[in-house]
Amino acid sequence: MYTCKKATQLIEKEATENLSILTKIRLKMHLMMCKACAAYKKQSQLLSFWIKNKKASNVEQMGLSEDFKKEMIKKMKKKQMDM
């Protein structure tokens with residue numbers, strides 16, 4: 001099983017490259033068990049979407065509350081300290 005550090009690296013790599021089937025399966029298993037990495041992947045996908053579509057200024061239209069944003073930032077900071 002992957003560490004959180006390896007999983008986040010693969011999440012970013014997956015955005016630009018194809019991963020092997022075995023790597024995809026291992027990453028998916030990690031994401032099923034690790035809520036923090038699953039949240040990281042979701043955030044990464046949202047950021048990529050905003051950047052690609054130049055809609056970063058329309059964050060409010062995505063329906064994300066300020067509380068949700070603050071909670072995700074808090075979790076990401078905690079996760080970084082745990083690594």
Side-chain angles (χ1 to χ4, degrees):
M1 177 135 133
Y2 292 130
T3 64
C4 291
K5 185 175 183 176
K6 180 68 174 177
T8 55
Q9 289 171 343
L10 290 171
I11 289 166
E12 296 305 320
K13 185 176 180 180
E14 184 178 38
T16 58
E17 303 175 23
N18 288 328
L19 301 178
S20 71
I21 299 292
L22 183 58
T23 301
K24 285 181 183 181
I25 291 170
R26 287 181 178 162
L27 178 58
K28 188 167 186 147
M29 287 175 58
H30 180 89
L31 295 174
M32 288 170 41
M33 292 186 267
C34 182
K35 291 181 182 183
C37 287
Y40 178 86
K41 181 173 182 172
K42 185 176 181 179
Q43 288 180 330
S44 179
Q45 290 171 331
L46 279 171
L47 288 172
S48 293
F49 173 80
W50 290 335
I51 291 167
K52 287 178 186 174
N53 293 292
K54 298 179 183 172
K55 294 186 179 185
S57 62
N58 297 326
V59 172
E60 299 308 320
Q61 293 179 358
M62 299 300 286
L64 300 178
S65 70
E66 287 300 316
D67 290 339
F68 176 80
K69 290 180 223 176
K70 288 177 185 175
E71 184 64 25
M72 286 297 108
I73 291 168
K74 182 178 159 184
K75 286 181 181 181
M76 287 171 52
K77 286 179 181 177
K78 182 183 182 316
K79 192 66 172 171
Q80 287 175 346
M81 291 190 319
D82 290 344
M83 290 182 181

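Worth knowing before you read on, the calculation uses all heavy atoms, side chains too, and leaves out hydrogens, waters and symmetry mates. Predicted model, so just to flag it, every value in this text is computed and none were measured.
A pairwise comparison of heavy atoms in T8 and C37 identifies CG2-SG, 4.3 Å as the closest pair.
By the 4.5 Å heavy-atom criterion applied to side chains, K6 and H30 are not counted as neighbours.
For the salt bridge (Lys or Arg N to Asp or Glu O under 4.0 Å) condition, the pairs that include at least one residue of residues 35-45, sequence neighbours left out, are E14-K41.
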Exercise answer: donor-acceptor pairs, residues 15-27 side-chain atoms, under 3.5 Å, sequence neighbours excluded:
from : atom 1 : to  : atom 2 : distance (Å)
T16  : OG1    : K13 : O      : 3.2
S20  : OG     : T23 : N      : 3.1
S20  : OG     : T23 : OG1    : 2.8

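For M32, the CE atom sits in a loose shell: 12 or fewer heavy atoms of surrounding residues, nucleotides or ligands are nearer than 6.0 Å.
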